[in-house]
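Numbers restart at 1 for each chain; the letters A, B, ... are given by sequence-line order, proteins then strands.
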Amino acid sequence: MADIQLTTGICARLSNSENDDDELYNSQPVVQFLSFKRVPPSGGASTMDRYRVIVSDGEHFLQSMLATQLNHLVEEEQVLKHSIAVIEKFTCNLVQGKKLLIILAMRVLKKEAEKIGSPTPVQPRGGGSGPSVDMQPDTPTVPSPAPSTSVNTTSTPATVVPRAQPARQQTQAGRGGRSAIYPIESLSPYQNHWTIKARVTQKSDIRTWSNQRGEGKLFNVTLMDESGEIRATAFNAAVDEFYDRLQEGKVYLISKAKVNLAKKKFSNLNNEYELGLERSTEIEECTDATDVPTVKFNFVDIAGLQELPKDAICDVIGIVKEVGELSAITSKATNKEIPKRELTVVDKSGFSVRVTLWGKQAEQYNATDQPVVAFKGAKVGDFQGRSLSIMSSSSLYINPDIPEAHLLRGWYDSIGAEQTYQSHTNAMSNGGGVSFDRAEIMCLHDVKTSDMGLSDRVDTFCSRATIMHIRNENIAYPACPACGKKVVQMGDNWRCEKCDKSYPKPEYRYMISMAVADYSGQAWFSGFNDVGRTIFGMPADELIEIRERDDIKFNQVLERTIGSTYNFTCRARQDNFNDQTRVRYGISRILPLEYREEASYLANLLLRSEWSR
DNA sequence: CCCCCCCC
């Protein structure tokens, strides 16, 4: 190669050009590379390192980025410092008010070269500061918000960056008949002739609809490249055309789809736009897909689900401990039968959660062993504490080849399979709608000074309190083995009025009255059989037997309970006794403290405060 | 052009 000319002035033109400068975008400038710097991904969908580079036209220099499909040129040392190359395809993004060149395709003309000239920073037209050439750790694309579903849903990205301007496209769309490959991030309704190279990370079932406006069918896919994600929808004829061709996990070159404004409330993707796949849309599977990232998860552990609000969208990974049979429900809204299957999923947090699959996912689930399962975009429900629902926009991965899955497999096979798991039901509710909720904990002082129990309704509160004393009189009563009501001794037998039956032996049931205290004060709580079984760890028959046999031991058993702390859910009720009105607190649920859960709660608090900083 | 994700 004889004498290579750099395209003098190109840096200034790029820096100051309008985006509709077709002539500029169609030129193939020759530049010299001055430096390369590897920068980590910015989060969001991006999982690949990128190269920040500085290019020179001999007169000025300009900060630029290599599209990730060009990373290998640097890594294989096909391009070096001072190499001269022709930029065959490029686009520009506006980042923090500055124009940033993104090199999409290039050809090295001279690998080893000397630095040409003494280039200086571009002076922007009309004053102002020129493009920064310092290596700030920002990236050329609009940063995704911190994946918000698993943590603080109200956090917003620290920097709000103007969206990429519509990148223009080389009209010689030509060579090979295909347009340049554009980052998903750069798509907008203002440009045509783009091609994206994207992975299908999620594909919905085909859904039909019927309303006033008509009827039809559709499906969606989520497409992802290193710059971001976009949802694409195909209707009717396009469904027939593309449903089978688009497969989850595969990478496609997609062009000539329509770019529509996304209705944000229907999508949790970080994209202003979505694609309409039409019959004229071109979709071609791409086998060279190593540069297109695979799905990225932001897992929350199963214990941590109770920190998420209902309807939060999250990613969860766990072991399928139990698989339910395929069943169906009838939707109240549409009166349609909907196939349903429930999985019980556990993880290292020691919790289990019920996960509902719907439709085809319910029908097609057929893993009978206990696989690792990862969910992306599962919806948090509050049925029996916490539950998960897998929506059409969620993805389910059986035994995904990711580190978290291998760790989980190893843990489960060595210790997890033997352990018991706490369900959110047990942690939070007694099934009758009364739940323990740490956010609802009241201190006893507040309970006693509030109007709890003074109204006609039943007031429920939660308390974390420590047992100070248990009344030893009337600690249990002889009950009917069938109905639990009190029985009376008649000769050798015990008679139940309700059942109209006599039994040779009663079954004792607890009737506990205990003084409890927290940091603010003390109160008397009363509870029945389940409360006694929880605090004594034995049925009432056993305790009564001890009392009859050995009074000292009986008192020891009572004393053993002193000082233990529980999570209580109580009902406050007015009580009239001997012309005196007082408020009584009945325990409707008692739960031992779960130290694992407490630790995980605290860990999640810490994480949350880290991330919202 | 959908935007429902259902039920216990």
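- Spacing between atom CG of Asp311(A) and atom P of dC4(B) amounts to 13 Å, rounded to whole angstrom units.
- Ser327(A) comes within 4.0 angstrom of no nucleic acid atom, judged by non-hydrogen atoms across all strands.
- Between Lys332(A) and dC8(B) there is a side-chain N or O to OP1 or OP2 distance below 4.0 Å.
- No hydrogens or angles were tested; on distance alone, a donor-acceptor pair under 3.5 Å links the side chain of Arg231(A) to the base of dC3(B).
- Rounded to a whole Å, the CH2 atom of Trp358(A) is 6 Å from the P atom of dC6(B).
- Between Lys263(A) and the phosphate of dC1(B), there is a side-chain N or O to OP1/OP2 separation shorter than 4.0 Å.
- Geometric assessment of Lys321(A) against the ring of Tyr412(A) yields a negative cation-pi assignment under the 6.0 Å and 45° thresholds.
- With hydrogens and angles left out, the side chain of Glu274(A) and the base of dC3(B) share a donor-acceptor pair within 3.5 Å.
- Residue Asn236(A) places its side chain closer to dC1(B) than to any other of dC1(B), dC7(B), dC2(B).
- Neither side chain, Gln202(A) nor Ser395(A), offers a donor N or O lying under 3.5 Å from an acceptor on the other.
- A donor-acceptor contact under 3.5 angstrom links the side-chain atoms of Arg354(A) to the base of dC8(B).
- Under 3.5 Å, the side chain of Ser392(A) and the base of dC4(B) form at least one donor-acceptor pair of N or O atoms.
- A donor-acceptor pair is defined here as one N or O able to donate and one able to accept, closer than 3.5 Å; no such pair exists between the side chain of Ser267(A) and the backbone of Lys264(A).
- Between Trp209(A) and dC2(B) there is a side-chain polar atom (N or O) within less than 4.0 angstrom of OP1 or OP2.
- In this structure, Asn271(A) atom CG and dC3(B) atom C1' are separated by 17 Å, rounded to whole Å.
- Side-chain nitrogen and oxygen atoms of Lys379(A) include at least one within less than 4.0 Å of the OP1 or OP2 phosphate oxygen of dC6(B).
- Between Ser267(A) and Ser331(A), the residue whose closest nucleotide on DNA chain B is further toward the 5' end is Ser267(A).
- Interface remark: the Glu342(A) side chain does not form any donor-acceptor pair with the dC8(B) base, using a distance-only criterion of under 3.5 Å.
- dC7(B) atom P lies 6 Å from atom CD1 of Ile329(A), rounded to whole Å.
- OP1 or OP2 of dC6(B) lies within a sub-4.0 Å distance of a side-chain N or O belonging to Ser389(A).
- Listed nucleotides: dC4(B), dC5(B), dC2(B). Nearest to the side chain of Arg213(A): dC2(B).
- Rounded to whole Å, atom P of dC1(B) lies 14 Å from atom CG of Leu277(A).
- Thr233(A) and Asn220(A) form a side-chain donor-acceptor contact under 3.5 Å, judged by distance and modelled atom types alone.
- Residue side chain Lys340(A) reaches the base of dC7(B) through a donor-acceptor N/O pair under 3.5 Å, judged by distance alone.
- One atom, CG of Asn220(A), and another, P of dC5(B), lie 14 Å apart when rounded to the nearest Å.
- Here Asp459(A) does not pair with Arg573(A) in a salt bridge; the nearest charged N to carboxylate O distance is not below 4.0 Å.
- When all heavy atoms of Thr201(A) and Tyr397(A) are compared, the closest pair comes out as O-OH, 3.2 Å.
- Taking atom CG of Asn260(A) as the reference point, atom P of dC3(B) lies 16 Å away to the nearest angstrom.
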